[in-house]
J.: 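Pasting in a structure now, in structure tokens, and then I'll have a few things to ask.
Just so you know, residue 1 is the first one in the sequence shown, and it goes up from there. Whatever order the structure lists them in is the order used to number ligands and atoms, beginning at 1. In what follows, every heavy atom counts, from backbone to side chain, and hydrogens, waters and symmetry copies are set aside.
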Amino acid sequence: MTAPRLITVDGPAGAGKGTLARRLAAHFKYAHLDTGKLYRAVGLNTLARGQDPSNPADATAAARALDAAAIARGGLENPELAGDTAASAASKVAAIPEVRAVLLSFQRDFAANPPGAAQGAVLDGRDTGTVVCPDAPVKFFITASAEERAKRRHKELLDRGETSIYPRVLADMKERDVRDSTRAIAPLKAADDARTIDTSEMDADAVFAAALAYIAEYND
Ligand code: C5P
């Protein structure tokens with residue numbers, strides 16, 4: 001099958017969009033950009049400078065200080081980016097229009113010129129199909145109930161040997177959902193032409209199979 005050159009995967013935290021995006025990228029040998037990591041890097045950068053992620057001037061300066069070239073070479077591997085401090089700071093800087101503007105051009109450039117001589121790109125995040133690449137030929141919106149997403153996150157933390165209290169994880173998840181879906185700029189929502197997959201009752205293999213089936217259908 002000839003695959004579409006650009007695939008976007010959006011959805012709330014913990015729904016499985018990152019896993020699907022990585023698998024699609026590996027399958028088609030495409031470059032993959034986890035756009036959440038850009039916002040996480042800006043959030044952590046702001047905190048590292050001793051500044052406030054909710055403050056537009058602070059967060060925008062931290063976004064401008066990101067080294068786009070280093071990121072395109074795979075420089076988003078800092079394990080701290082996966083933590084809850086980064087997640088919470090990310091959702092604060094993500095509500096600031098200037099921060100989104102700085103990151104928008106980087107994301108569009110990645111999609112148009114995937115690094116490493118890849119023939120295509122897979123972007124995952126919250127607005128990659130609605131704002132970053134509205135013309136992407138194939139878009140997915142991956143979702144699941146807040147309870148199921150919190151359950152997965154709770155298990156992941158316990159498996160990593162960290163302390164986790166389920167009601168707390170669920171409350172954090174809901175708080176971030178509200179912040180992401182009610183913000184004025186680029187709120188989390190499915191693109192009109194996205195294929196929505198609810199993963200509440202599906203494992204990663206079933207989600208991947210459903211996505212490949214949809215891509216095959218797109219090619220027909
Ligand atoms: O996907 P992840 O949990 O890493 O995203 C962290 C935060 O970054 C999200 O809660 C959201 O506020 C923000 N984000 C965004 N737009 C994207 C990707 C992430 O606003 N495309």
J.: For residues 42-59, pull every pair meeting side chain to side chain donor-acceptor pair (under 3.5 Å), keeping only residues two or more places apart or in separate chains.
T.: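 Sorted pair list comes back empty.
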J.: Quick one: does ligand 1 sit under 4.0 Å from the side chain of Arg183, the backbone, both or neither, non-hydrogen atoms only?
T.: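 Arg183 to ligand 1: side-chain contact only, backbone stays beyond 4.0 Å.
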J.: What do you reckon, does Asp124 have a nitrogen or oxygen under 3.5 Å from a nitrogen or oxygen of ligand 1?
T.: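 No, Asp124 has no N/O under 3.5 Å of an N/O on ligand 1.
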J.: Counting N and O atoms only, with roles assigned by atom type, does the side chain of Lys37 sit under 3.5 Å from a partner on the main chain of Leu76, one being a donor and the other an acceptor?
T.: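 Between the backbone of Leu76 and the side chain of Lys37 there is a qualifying donor-acceptor contact (under 3.5 Å).
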J.: Tell me, which protein residue and heavy-atom name are nearest atom 6 (C) of ligand 1, and how many Å apart are they?
T.: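 Scanning the protein heavy atoms, the shortest distance from atom 6 (C) of ligand 1 goes to Arg176 NH1, 3.6 Å.
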J.: For atom 18 (C) of ligand 1, find the nearest protein heavy atom and state the residue, atom name and distance (0.1 Å precision).
T.: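 Protein heavy atom at minimum distance: Thr35 OG1, 3.4 Å.
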J.: Is Asp205 paired with Arg23 through a side-chain N to carboxylate O contact shorter than 4.0 Å?
T.: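 Salt bridge between Arg23 and Asp205, a charged N being under 4.0 Å from a carboxylate O: yes.
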J.: Note the single closest protein heavy atom to atom 8 (O) of ligand 1, along with its residue, its atom name and the distance in Å.
T.: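 Result: Tyr39 CB, 3.5 Å.
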J.: Give the other cluster members for Leu188, using side-chain heavy-atom distances under 4.5 Å between Ile, Leu, Val, Met, Phe, Trp and Tyr residues; answer none if it is isolated.
T.: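 Reading the cluster by chain and number, Leu188 sits alongside Phe141.
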J.: Do Thr199 side-chain atoms and Ala15 backbone N/O form a donor-acceptor pair below 3.5 Å?
T.: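 Checking the backbone N and O of Ala15 against the side chain of Thr199, a donor-acceptor pair under 3.5 Å is found.
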J.: Which part of Asp180 is near ligand 1, with near meaning a heavy atom under 4.0 Å away: side chain, backbone, both or neither?
T.: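 For Asp180, only side-chain atoms sit under 4.0 Å from ligand 1.
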J.: Number the atoms of ligand 1 from 1 as they appear, then name those within less than 4.0 Å of a heavy atom of Gly125, with their elements.
T.: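 Under 4.0 Å from Gly125, ligand 1 has these atoms: 18 (C), 21 (N).
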J.: Can you tell me which residue and heavy atom of the protein come closest to atom 19 (C) of ligand 1, and the distance to 0.1 Å?
T.: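 Answer, as residue, atom name and distance: Gly36 CA, 3.5 Å.
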J.: Same cluster or not: Leu6 versus Leu104, using hydrophobic residues (I, L, V, M, F, W, Y) connected whenever any side-chain heavy atoms lie under 4.5 Å apart?
T.: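 Cluster IDs for Leu6 and Leu104 match.
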J.: Give me the residue, atom name and distance of the protein heavy atom closest to atom 7 (C) of ligand 1.
T.: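 Result for atom 7 (C) of ligand 1: Ala90 CB, 3.6 Å.
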J.: For atom 16 (N) of ligand 1, grab the closest protein heavy atom and report residue, atom and distance to one decimal in Å.
T.: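 Looking at atom 16 (N) of ligand 1, the protein heavy atom closest to it is Arg100 NH2, 3.0 Å.
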J.: What is the nearest protein non-hydrogen atom to atom 4 (O) of ligand 1, stated with its residue, atom name and distance?
T.: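 Looking at atom 4 (O) of ligand 1, the protein heavy atom closest to it is Arg40 NE, 2.6 Å.
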J.: If you have a sec, work out which protein heavy atom is nearest atom 13 (C) of ligand 1 and how many Å separate them, to one decimal?
T.: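 Going by distance alone, atom 13 (C) of ligand 1 is nearest to Ala94 CB, 3.7 Å.
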J.: If only side-chain N and O atoms count, and only distance matters, is there a donor-acceptor pair under 3.5 Å linking Ser91 with Arg176?
T.: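 No, no side-chain donor-acceptor contact under 3.5 Å.
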J.: Quick one: pull up OG in Ser88 and CD in Glu175 and give me the separation to the nearest 0.5 Å.
T.: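 Interatomic distance, Ser88 OG to Glu175 CD, rounded to 0.5 Å: 7.0 Å.
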J.: Side chains of Tyr30 and Arg5: any donor to acceptor distance under 3.5 Å?
T.: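 Not at all, the side chains of Arg5 and Tyr30 share no donor-acceptor pair under 3.5 Å.
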J.: Could you name the option among Lys92, Gln107, Arg126 that has the heavy atom nearest to atom 17 (C) of ligand 1?
T.: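 The option holding the nearest heavy atom is Arg126.
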